[in-house]
Structures are given as structure tokens and as C-alpha cells.
Number of protein chains: 2
Amino acid sequence: MKAEEISRKLIDKKLKVTPQRIAILEAIINLNNHPTAENIVEYIRKNHPNISVATVYKVLDALVDSRLIKKVKTERDIMRYDGVVESHHHIYCSDSDRIEDFNDNELNELLEKYFEKKKIPDFKIEDIKLQIIGKYIKTK
Amino acid sequence: MKAEEISRKLIDKKLKVTPQRIAILEAIINLNNHPTAENIVEYIRKNHPNISVATVYKVLDALVDSRLIKKVKTERDIMRYDGVVESHHHIYCSDSDRIEDFNDNELNELLEKYFEKKKIPDFKIEDIKLQIIGKYIKTK
DNA sequence: TTTTAAACGATAATAATTCTCTTATAATAA
DNA sequence: TTATTATAAGAGAATTATTATCGTTTAAAA
Ligand SMILES: [Mn+2]
Ligand SMILES: [Mn+2]
Ligand SMILES: [Zn+2]
Ligand SMILES: [Zn+2]
């Protein structure tokens with residue numbers, strides 16, 4: 001994705017456009033595999049060697065607040081970020097930190113229909129996502 | 001749950017039975033709502049005022065390793081623990097840290113059938129759980 | 001009982017994240 | 001275009017959850 005397109009996203013959310021913000025959002029989208037703040041810093045420093053980690057954290061916060069990115073739930077105390085904001089599922093590898101996206105409209109419709117029928121008392125569902133946990137099989 | 005029953009669980013997993021381990025496992029099971037290490041310390045100190053937080057963390061680790069408890073995925077950097085080890089789903093409140101269990105066999109069967117039919121290439125599924133995100137509606 | 005490997009408690013160390021403060025800059029107005 | 005100003009960036013200190021270290025205690029086996 002090019003800088004022009006990224007700027008547009010920031011402007012739409014009324015965020016001031018800065019080189020750092022462009023670089024960070026671009027990094028998350030390009031890296032694609034639910035990077036940590038550290039992954040993002042490492043990636044950005046190739047082209048932008050003076051960026052501060054504090055800036056990265058502050059920008060990540062701003063991007064989450066304006067819903068340009070999302071946090072990913074994990075059972076580790078390292079935060080991970082997702083550049084795909086449309087609702088989708090996640091495949092968690094049970095013996096590494098790999099997290100992959102899983103999109104499946106048939107499944108989404110199945111779930112939607114199921115929860116239309118079967119309501120949770122006193123609860124308004126906003127989003128449903130699957131954690132699919134397992135192992136990738138080595139293929140020769 | 002009584003101490004006798006908790007001891008049995010520890011013995012079954014070949015863990016040395018100590019008052020601290022009994023208290024910690026009992027706390028997680030009794031608190032029931034996916035407590036943090038801090039919640040557990042606070043709860044235990046009522047009856048067991050000298051327990052060290054380091055011990056709590058070490059015991060939690062041991063209990064996770066032997067699968068007497070589980071970690072819960074969140075998007076915060078505070079770990080939460082689950083005394084319910086049978087596979088189940090979670091309802092995450094979108095404006096608080098409340099996490100509730102959600103059990104539904106009809107849904108489980110639906111999902112199981114679905115993924116029997118629709119395999120994920122090169123991936124062996126071990127567990128599937130839903131994150132149901134939304135809000136509890138205040139009822140008068 | 002005695003033995004001893006393992007667990008506990010206190011406290012220091014670490015690591016991810018947040019805060020504070022000064023300087024720089026993007027957006028806007030003149 | 002330049003001046004203004006609110007906001008963002010950068011450096012480094014502080015905080016917070018968690019982990020490591022190490023001397024002391026204890027559960028459980030002999
Ligand atoms: Mn940490
Ligand atoms: Mn932390
Ligand atoms: Zn994703
Ligand atoms: Zn649970």
C-alpha cells in the first residue's frame with residue numbers, strides 16, 4: 001500500500017499526517033502477520049532509523065482508538081496488532097507465536113444465523129470471532 | 001470445592017501438595033471469573049496472609065503446565081487464568097474487563113461438523129473457541 | 001525419624017509499556 | 001509565503017507485570 005493511500009486513512013480519521021504515522025500504519029499493513037511493537041520498530045528503522053519506541057506506542061494507541069488497526073487477543077504479555085479491521089477469525093499455532101487470519105463467509109453466515117435464533121440473555125453481541133488453535137503440518 | 005478434592009487434582013498430576021498450591025487452585029476455582037495473579041493474591045491473603053506473589057506466579061505456571069488451569073487470551077498485558085479446563089467459549093464485555101464462560105453443545109456440534117467438512121489446508125485443529133464480544137444490557 | 005529434592009518467600013532484575021518533558025512540525029490563519 | 005499554535009515526536013525516566021536468584025523451609029520418600 002502506498003503512502004498516499006495511508007495518508008487518506010489518517011485524514012479520514014482526522015489524525016494529523018506525519019511521516020511516523022504513515023510508516024507505522026504501513027508497517028502493520030505490510031508485515032501483515034499481527035506484529036508486536038518491537039517488530040514494527042525493527043521494520044521501520046530500516047527506512048526511518050531515528051523513530052522512538054515511545055512514538056510507536058503512542059501512534060499504535062491512536063490508531064487503535066480511531067479503529068485503523070486492532071489489538072489481537074493472545075495469552076502473552078506482548079501486545080500484537082492487526083491491520084485488518086474487518087471482522088475475521090484467527091488461527092493460533094499451538095507451538096509458536098504464529099497467528100494467521102481465517103476468513104470464511106459460509107461460517108460467518110452459519111454463526112450469524114445461529115445467534116439470531118439463540119440469543120444470549122441480557123447481552124448485545126457486537127462481534128464474534130473464532131480462535132482456531134492447532135498445529136501446521138510440515139509438508140515436504 | 002474442598003481442600004481434599006483439590007489435593008487429589010494435584011496428586012493426580014504428580015505435583016507436590018502444599019498449602020499454597022491448594023489455596024491458589026482453590027482461589028481460581030472459587031473466584032471463577034478468570035482472575036489475574038493479583039486477584040488471586042488478594043483473595044488468598046485473607047486466610048493465608050504471608051503468601052508471596054512470586055509463589056503465586058510460580059504455582060500458576062506449574063498449574064498451567066500440568067493443565068489444571070488455563071490462560072485466557074485477552075488484549076491486555078495482564079494475564080488471566082481459567083479454572084475451567086474443559087473447552088468452552090468466552091463472552092468478552094467490550095466496556096469492562098468482565099469475561100464470562102459460554103457453554104453450548106449444540107454450537108460445538110455445529111462447529112465440529114463444519115470443520116470436519118471444511119478442512120484448513122496443512123493444519124491440524126486442536127481446539128476451537130469463540131470470542132463473543134459485546135455488552136451486557138442493564139436490566140432494571 | 002532422617003534425608004533431600006523441590007517449593008517458598010524476599011527481594012532484585014527484567015521487559016513491555018507508559019509517562020514526562022523538551023523540541024520539532026503539521027495544519028491553519030494571516 | 002510566513003507566522004502561529006496545537007499537537008506530535010524523541011529521549012529517557014518511571015511504572016508495572018512478571019521472572020530470576022538465592023537462602024530457608026518443607027513435603028514426601030526412605
Ligand atoms: Mn512483562
Ligand atoms: Mn507489562
Ligand atoms: Zn487478523
Ligand atoms: Zn472460561
Side-chain angles (χ1 to χ4, degrees), chain A residues 3-4 6-28 34-42 44-45 47-66 68-69 71-81 97, chain B residues 3-4 6-28 34-42 44-45 47-66 68-69 71-81 97:
Chain A
E4 174 57 29
I6 305 267
S7 295
R8 172 61 40 210
K9 286 174 187 282
L10 293 168
I11 292 164
D12 286 349
K13 297 293 186 177
K14 304 189 190 334
L15 291 175
K16 202 182 269 193
V17 178
T18 68
Q20 292 84 348
R21 285 176 172 181
I22 293 170
I24 291 165
L25 186 47
E26 202 168 34
I28 297 164
H34 311 97
T36 64
E38 199 193 357
N39 296 151
I40 294 163
V41 169
E42 199 181 350
I44 291 178
R45 287 219 167 125
N47 297 308
H48 210 297
N50 298 317
I51 198 160
S52 156
V53 304
T55 299
V56 171
Y57 279 104
K58 279 182 285 199
V59 169
L60 287 170
D61 244 31
L63 296 176
V64 170
D65 281 352
S66 41
L68 285 172
I69 64 172
K71 291 181 172 183
V72 179
K73 289 186 171 61
T74 72
E75 48 193 55
R76 309 240 353 243
D77 80 334
I78 306 172
M79 195 60 57
R80 298 183 60 168
Y81 297 89
D97 291 331
Chain B
E4 174 57 28
I6 305 267
S7 294
R8 172 63 38 211
K9 287 174 188 281
L10 293 169
I11 292 164
D12 286 349
K13 297 291 186 177
K14 304 189 191 332
L15 291 174
K16 201 181 270 192
V17 177
T18 69
Q20 293 85 348
R21 286 176 170 181
I22 292 171
I24 291 164
L25 186 46
E26 200 167 36
I28 297 164
H34 311 97
T36 63
E38 199 194 356
N39 297 151
I40 293 163
V41 169
E42 200 181 350
I44 290 179
R45 288 222 167 124
N47 296 310
H48 209 298
N50 298 318
I51 198 160
S52 157
V53 304
T55 299
V56 172
Y57 278 105
K58 279 181 284 197
V59 169
L60 287 170
D61 243 31
L63 295 177
V64 170
D65 280 353
S66 41
L68 285 172
I69 64 173
K71 292 182 172 182
V72 179
K73 289 187 171 62
T74 71
E75 49 193 53
R76 308 235 2 239
D77 80 335
I78 304 172
M79 195 60 57
R80 296 182 63 166
Y81 297 89
D97 291 332

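A note on names: the letters A, B, ... follow the listed sequences, proteins ahead of strands, and every chain is numbered from 1.
Counting to the nearest Å, the C1' atom of D/dT24 and the NZ atom of B/Lys58 are 12 Å from each other. Between the NZ atom of A/Lys16 and the P atom of D/dT5 there is a distance of 13 Å, rounded to whole Å. Counting to the nearest Å, the P atom of D/dA17 and the OH atom of B/Tyr81 are 13 Å from each other. In this structure, the CD1 atom of A/Ile24 is 8 Å from the P atom of D/dG10, given to the nearest Å. Counting to the nearest Å, the C1' atom of C/dT17 and the CE atom of A/Met79 are 9 Å from each other. A straight line from NZ of B/Lys13 to C1' of C/dA6 spans 20 Å, rounded to a whole angstrom. In this structure, A/Asp77 places its CG atom 11 Å from C1' of C/dT14, rounding to the nearest Å. In this structure, CD1 of B/Ile51 is placed 10 Å from P of C/dA10, rounded to the nearest angstrom.
At the phosphate of D/dA9, OP1 or OP2 sits under 4.0 Å from a side-chain N or O atom of A/Thr18. Considering only side-chain N and O atoms, A/Tyr57 lies under 4.0 angstrom from the phosphate OP1 or OP2 of C/dT17. Residue B/Gln20 places none of its side-chain N or O atoms closer than 4.0 Å to OP1 or OP2 of D/dT26. At the phosphate of D/dG10, OP1 or OP2 sits under 4.0 Å from a side-chain N or O atom of A/Thr55.
Nucleotide D/dT7 is matched to C/dA24 when pairs are restricted to Watson-Crick or G-U wobble geometry with both distances under 3.5 angstrom.
Atom CD of A/Glu75 has more than 12 neighbouring heavy atoms from other residues, nucleotides or ligands inside a 6.0 Å radius.
In terms of modelled atom types and a separation under 3.5 Å, the side chain of B/Asp12 and the main chain of B/Lys9 share no donor-acceptor contact. Side-chain atoms of A/Arg80 come within 3.5 Å of backbone atoms of A/Asp97 as a donor-acceptor pair (strictly under, hydrogens ignored).
The closest side-chain heavy-atom distance from A/Leu63 to A/Leu15 is below 4.5 Å.
In summary, of the residues considered (B/Val59, B/Ile40, B/Leu60, B/Ile69), a side-chain contact (heavy atoms from CB on, under 4.5 Å) with B/Leu25 occurs for B/Ile69 alone.
Contact annotation for B/Val59: backbone-only contact, meaning every heavy-atom pair under 4.0 Å involves sugar-phosphate atoms and none involves a base.
Of the two residues contacting DNA chain D, namely B/Val17 and B/Val53, the nearest-nucleotide position lying further toward the 5' end is that of B/Val53. Mapped onto DNA chain D by nearest heavy atom, B/Asp61 and B/Ile11 fall at different nucleotides, with B/Asp61 at the one closer to the 5' end.
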